[in-house]
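Have a look at the structure below, then the notes.
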Amino acid sequence: MAFKKLYQTYNKNGLTLKNRFLMAPMTRSRSSQPGDIPNELMAEYYGQRASAGIIISEATQVSLQGKGYAKTPGIYTQEQIEGWKLITDEVHKKGSKIFLQLWHVGRVSSSKVNGLQPIAPSKKAAKDTNVYIFNGAPNGDATFVTVEEPRAMTKADINQVIEEFKTGAKNAIEAGFDGVEIHGANGYLIDQFLRSNSNQRIDEYGGTKENRIRLLTEITQAVTQEIGSEKTGVRLSPFISFKDMNDPEILDTIMIATQELEKIGVTYLHLCEADWDDASEIPINFRENLRKTFSKTIIATGNKTPEQGEDLLEKGLVDLIGFGRNFLTNPDYPKRVKLSATLNKISDTHTLFGGGDARGYTDYPFLK
């Protein structure tokens with residue numbers, strides 16, 4: 001297959017890219033401690049993978065309260081901003097674009113991670129959900145711990161979180177990013193507000209679908225007012241229900257949210273789709289309705305093959321295709337696809353999260 005669409009340049013709504021390969025956000029837990037500070041090793045990792053048209057950074061907490069896993073980077077201190085400059089400089093030198101993913105985990109956390117009780121729309125813990133810490137295991141492995149019951153957020157908490165996303169976006173631009181992605185997916189704080197099973201509030205942020213999207217729209221408005229709508233994307237996950245997020249109303253809620261995001265004018269909508277091998281296909285009518293509703297860039301990510309990505313591009317249902325694990329193990333993934341070359345496999349699952357060194361991180365080989 002020639003994959004003509006994947007290798008086309010892309011220019012829409014001010015987003016200009018050298019190809020339509022997107023490197024999806026992947027948590028790797030390599031930030032320097034203390035302080036959750038991005039570092040030179042991370043700069044090497046991202047720079048190696050700059051053959052992607054655009055990179056979305058790993059999820060990056062907007063505050064200590066928003067942190068859910070050990071050694072994930074932040075974007076709320078000057079030291080973190082300076083650390084991220086190493087990454088953006090390296091990616092730009094290699095000719096790619098990079099957006100920072102702004103993250104607040106909400107109830108998906110533990111005081112063992114950040115010393116704080118989690119916060120969430122409602123006082124309801126996520127069932128069968130774990131986060132990880134590093135407690136000195138000889139092989140550097142992460143240790144998983146059960147999330148704790150959250151505290152229901154007050155209006156003051158909500159206002160503070162909105163301000164944290166706004167400040168995070170401002171800091172990201174100072175750090176040299178081309179834009180930001182608001183993480184509204186995968187069971188984290190914004191997604192918790194969107195879903196009826198995790199959001200049991202009876203105020204203006206709960207109850208109806210229109211109320212449940214309020215936090216997403218208020219955060220997005222604050223961010224776009226700070227850095228511009230052309231530098232703001234949003235990630236949503238309508239078909240993913242892990243972390244105790246099964247909600248029969250979510251598709252309708254997502255479509256209402258999409259209508260509001262269209263009005264705000266965000267530059268892209270990033271669909272995080274199921275990435276396991278036997279995951280169900282996204283209904284074609286959902287993709288068609290989404291395309292009719294949202295006029296800007298649509299991104300699809302979720303263990304897609306290049307053939308599947310090319311097909312979606314050919315049909316005009318999406319504009320960019322995100323690839324995760326194949327970029328993790330193949331820093332030159334677009335080149336390998338073009339040449340039908342063999343792909344590197346994950347060498348050691350113990351190195352996916354943490355370890356703090358190059359093993360399983362920057363040591364995957366390029367094509368000779």
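Hydrogens, waters and symmetry mates are skipped; everything else that's a heavy atom, side chains included, is used.
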Are [X] and [Y] packed together at the side-chain level, in the sense that at least one heavy-atom pair is separated by less than 4.5 angstrom?
X	Y	answer
Thr208	Asn211	yes
Leu189	Val105	no
Met255	Thr293	yes
Ile321	Leu22	no
Leu17	Lys97	yes
Glu260	Ile213	yes
Met42	Pro73	yes
Thr329	Tyr364	yes

According to a hydrophobic-cluster definition based on side-chain heavy atoms being under 4.5 Å apart (Ile, Leu, Val, Met, Phe, Trp, Tyr only), do [X] and [Y] belong together?
X	Y	value
Met245	Trp103	no
Leu271	Val318	yes
Ile284	Ile298	yes
Phe239	Leu290	yes
Ile162	Val180	yes

[X] side chain to [Y] backbone, donor-acceptor under 3.5 Å:
X	Y	result
Thr253	Lys209	no
Thr129	Val147	no
Thr167	Glu164	no
Asn344	Pro365	yes
Arg201	Phe193	no
Glu163	Asn159	no
Gln160	Lys155	no
Asn130	Phe144	no
Glu310	Leu6	yes
Asp157	Met153	no

Roughly how far apart are [X] [atom1] and [Y] [atom2], rounded to 0.5 Å?
X	Y	atom1	atom2	value
Tyr333	Asn326	OH	CG	4.0 Å
Ile254	Ser237	CD1	OG	6.5 Å
Ile202	Asn199	CD1	CG	11.5 Å
Tyr69	Phe353	OH	CZ	8.5 Å
Ile227	Asn171	CD1	CG	11.0 Å
Leu116	Arg151	CG	CZ	9.5 Å

State plainly whether the residues [X] and [Y] are in salt-bridge range, i.e. N to O under 4.0 Å.
X	Y	result
Asp363	Arg359	no
Arg212	Glu249	yes
Asp178	Lys231	no
Arg336	Asp332	yes

Over all atoms of both residues, closest heavy-atom pair of [X] and [Y]:
X	Y	result
Arg28	Leu328	NH1-CG, 3.4 Å
Ile75	Leu102	CG2-CD2, 4.0 Å
Phe99	Thr267	CE2-CG2, 4.4 Å
Ser109	Gly68	OG-CA, 3.6 Å
Gly53	Ser96	O-OG, 3.3 Å
Arg195	Asp247	CA-OD2, 3.3 Å

For a side-chain contact (heavy atoms from CB on, under 4.5 Å) with [X], tell me which candidate from [options] qualifies.
X	options	answer
Arg235	Ile56, Ile190, Ile299, Asn186	Asn186
Trp84	Thr60, Ile98, Asn39	Thr60
Phe165	His104, Lys170, His183, Glu218	His104

Just wondering, more than 12 heavy atoms not from [X] lying within 6.0 Å of its [atom1]?
X	atom1	value
Lys112	NZ	no
Glu40	CD	no
Asn285	CG	yes

Does the side chain of [X] come under 3.5 Å of the side chain of [Y] through a donor N or O and an acceptor N or O?
X	Y	value
Gln221	Glu226	no
Thr351	Tyr361	no
Ser29	Tyr132	yes
Gln48	Thr362	no
Tyr46	Glu58	yes
Arg107	Gln192	no
Glu148	Ser110	yes

Decide if the gap between the ring center of Phe294 and the ring center of Tyr268 is smaller than 6.0 angstrom.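 Not under 6.0 Å, so no.
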Candidate pair Gln33 and Ser31, rule side chain to side chain donor-acceptor pair (under 3.5 Å), full reasoning: CA-CA 7 Å; Gln33 305 302 314; Ser31 66; 3.0 Å; yes
Lys/Arg cation over aromatic Phe3: Lys338, 6.0 Å, 45° cone: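 No, Lys338 and Phe3 do not form such a contact.
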Decide whether a cation-pi geometry holds between Lys304 and Phe323; the criteria are a distance under 6.0 Å from NZ or CZ to the six-membered ring centre and an angle within 45° of the ring axis.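 Judged by the rule (NZ or CZ under 6.0 Å from the ring centre, within 45° of its axis), Lys304 is not positioned above Phe323.
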What verdict does the salt bridge (Lys or Arg N to Asp or Glu O under 4.0 Å) test give for Lys315 and Asp311, after you've listed the backbone C-alpha separation in whole Å, the side-chain angles of each residue and the deciding distance to 0.1 Å? CA-CA 6 Å; Lys315 291 176 179 175; Asp311 182 60; 3.1 Å; yes
Which pairs with one or both residues in residues 285-301 pass salt bridge (charged side-chain N to carboxylate O under 4.0 Å, His left out), sequence neighbours excluded?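 Non-adjacent pairs meeting salt bridge (charged side-chain N to carboxylate O under 4.0 Å, His left out): Glu273-Arg287, Arg291-Asp319.
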